[in-house]
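No hydrogens, no waters, no symmetry mates; every other heavy atom, side chains included, goes into these values.
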Amino acid sequence: MKNIITQFSRIFVGILFIISGLIKLNDPLGFSYKLAEYFSEPVFNMPFFVPFSLAIALILVILEVVLGIMLLIGFKTKFTVWSLLILIVMFTFLTFYSAYFNVVKDCGCFGDALKLTPWESFTKDIVLLFFILILYFNQNLINPLFKNNIQNIIIYASIVLCSLMGVVVLNHLPLIDFRPFKLGNNIPEGMQIPDDAEKSVVEMVFIYKVAGINKEFTENELANIPEDAVFVDRKDKVITEGYVPPIHDFTMEKDDTDYTAEFMDAPKVLLIVAYDLVNADKDGLAKMEKLYLQAKAKGYKVGGMTASTPEQIAAVKKEFALTFDFYFCDAITLKTIERANPSIIILEKGTIMQKLHHNDLKDLEL
């Protein structure tokens, strides 16, 4: 019985780590954004790690896949099990911290393929920790499946293949797109809220300064506010979050005017997405004016989308002689639309027909 439980744990943990790692390796930039959230000031206040988020993300996801393979084939059992135990303890702490303090809403455990709430992620990690502890206490039952030389070839090959996959998706696009902006999706439809959708339950909280200290009062407690209290602020506290459409915060604004509907209704649209113009790939930006002129000549409505400031937009337009307009959109939304900076999106009445990395303009069909 002990051997059966151990082998089940071995297969379950190994496969789950491989699947989780490959999903994140399909989109390492997306996982790096989650790590950057953890490193940010509101969470762990370690901003010096933010520039290394992508490198750390790549190392972690490749490690996940390789450790899963090592466990399945029984390679260096002690090292493998110890590594898995350290990783799952770290992940369990992160997901508990996210859930308890309500900071990072989605740990990115399975990328965009499977969204888990912080408490669901924590529960998943507790289950994994349980099975990894079984492996830890029964390491002697984990035997290698192949001879040493074959084991070595499998592990080295997995490291090389994972590294190559990382290079490919970073220089092009994710192999599989799990995001709401994938090919074939209609943006306006993705922003709609069904009539029967669950509504959010929100409670108004009033903040008053009482005896020099800020105190919060709900609507039912307003009668208890002391006469000498001074009003400070009011905020909305979400008790139960209702339905959130797959696509939200998508806007195209310029000079305090919203042009979203104009672009979504057009039959032929080319969007140049660069969430951060200052840090955008310079070779990519240098190609955009030529692309704009080609698309305009073929009847496309062209617009840039960015979260950069008007001053940054003006500087980049001057540097690269760009003559098309840029429209403001939230940076998180733009990162969700596409991972490349800049990237190209082709729309037909709001439906996404093509998505391209700036390295793949040769594949663009106008």
Exercise for the section: Under the side-chain contact (heavy atoms from CB on, under 4.5 Å) rule, what do Y208 and V230 come out as? Steps first, then yes or no, please. Expected result: CA-CA 5 Å; Y208 280 81; V230 179; 5.7 Å; no
Would you check if the side chain of [X] reaches a backbone N or O of [Y] as a donor-acceptor pair within less than 3.5 Å?
| X | Y | result |
| --- | --- | --- |
| N26 | I176 | yes |
| N186 | K349 | yes |
| T260 | M252 | yes |
| Q151 | I73 | yes |
| D360 | D363 | no |
| N341 | D276 | yes |
| N171 | V167 | yes |
| H172 | V169 | no |
| T80 | F75 | yes |
| T95 | F91 | yes |

Exercise for the section: Output, in order, the C-alpha distance, side-chain angles, deciding distance and verdict of side-chain contact (heavy atoms from CB on, under 4.5 Å) for F206 and E216. Expected result: CA-CA 6 Å; F206 298 86; E216 296 183 353; over 6 Å; no
Practice task
Quick one: sort the Y327 and Y259 rings into parallel, tilted or perpendicular, breaks at 30° and 60°.
Solution key: perpendicular
Practice task
Give a yes or no on this: more than 12 heavy atoms of other residues, nucleotides or ligands lie within 6.0 Å of atom CD1 of I332.
Solution key: no
Handout entry: W82, CH2: over 12 other non-hydrogen atoms inside 6.0 angstrom
Key = no
Exercise for the section: Look up atom CG in N185 and atom CG in L347, then write down how far apart they are to the nearest 0.5 Å. Expected result: 11.5 Å
Identify each donor-acceptor pair in which a side-chain atom of residues 218-228 lies under 3.5 Å from a protein atom, sequence neighbours left out, and give them as a table.
from	atom 1	to	atom 2	distance (Å)
E221	OE1	T218	N	3.0

Practice task
In plain terms, say whether E64 and K24 are close enough for a salt bridge, that is, a side-chain N and a carboxylate O under 4.0 Å apart.
Solution key: yes
Exercise for the section: Indicate yes or no: does D177 engage K355 in a salt bridge with an N to O separation below 4.0 Å. Expected result: yes
List the atom pairs, with distances to 0.1 Å, where a side-chain N or O of residues 135-144 and a protein N or O form a donor-acceptor pair under 3.5 Å, not counting sequence neighbours.
from	atom 1	to	atom 2	distance (Å)
N138	ND2	I134	O	2.8
Q139	NE2	Y136	O	3.1

Would you check if [X] and [Y] make a side-chain contact, meaning some heavy-atom pair closer than 4.5 Å?
| X | Y | value |
| --- | --- | --- |
| H357 | S343 | no |
| I345 | E338 | yes |
| E289 | T323 | yes |
| I207 | K215 | no |
| Y292 | Y300 | no |
| M191 | F250 | yes |
| F8 | T6 | no |
| P28 | L170 | yes |

Please report, to 0.1 Å, the donor-acceptor pairs under 3.5 Å made by any side chain of residues 307-321, with sequence neighbours excluded.
from	atom 1	to	atom 2	distance (Å)
S308	OG	L277	N	2.9
S308	OG	T306	OG1	3.1
T309	OG1	Q312	N	3.2
T309	OG1	Q312	OE1	3.3
Q312	OE1	T309	N	3.0
K317	NZ	F324	O	3.2

In terms of hydrophobic clustering (I, L, V, M, F, W, Y; side-chain heavy atoms under 4.5 Å; direct or indirect links), are [X] and [Y] co-clustered?
| X | Y | value |
| --- | --- | --- |
| I272 | L322 | yes |
| I56 | M46 | yes |
| M264 | F328 | no |
| I153 | V65 | no |
| L85 | F130 | yes |

Handout entry: Derivation of the side-chain contact (heavy atoms from CB on, under 4.5 Å) call for S163 and V160
Key = CA-CA 5 Å; S163 300; V160 171; 5.8 Å; no
Handout entry: Aromatic centroids of F44 and Y97 separated by under 6.0 Å
Key = yes
Practice task
Verify the ring-centre separation between F131 and F12: is it less than 6.0 angstrom?
Solution key: yes
Completion exercise
All heavy atoms of F17 vs all of G68, minimum pair found to be CB-CA, 4.1 Å
Practice task
Give the minimum heavy-atom separation between L129 and I88, together with the two atoms involved.
Solution key: CD1-CG2, 3.6 Å
Exercise for the section: Kindly indicate whether a cation-pi arrangement holds for K301 with F263, taking the cut-offs as under 6.0 Å to the six-membered ring centre and within 45° of the axis. Expected result: yes
Practice task
Determine, step by step, whether I346 and E365 satisfy the side-chain contact (heavy atoms from CB on, under 4.5 Å) criterion, reporting the C-alpha distance in whole Å, the side-chain angles of both residues, the deciding distance to 0.1 Å, and the verdict.
Solution key: CA-CA 9 Å; I346 299 294; E365 298 176 4; over 6 Å; no
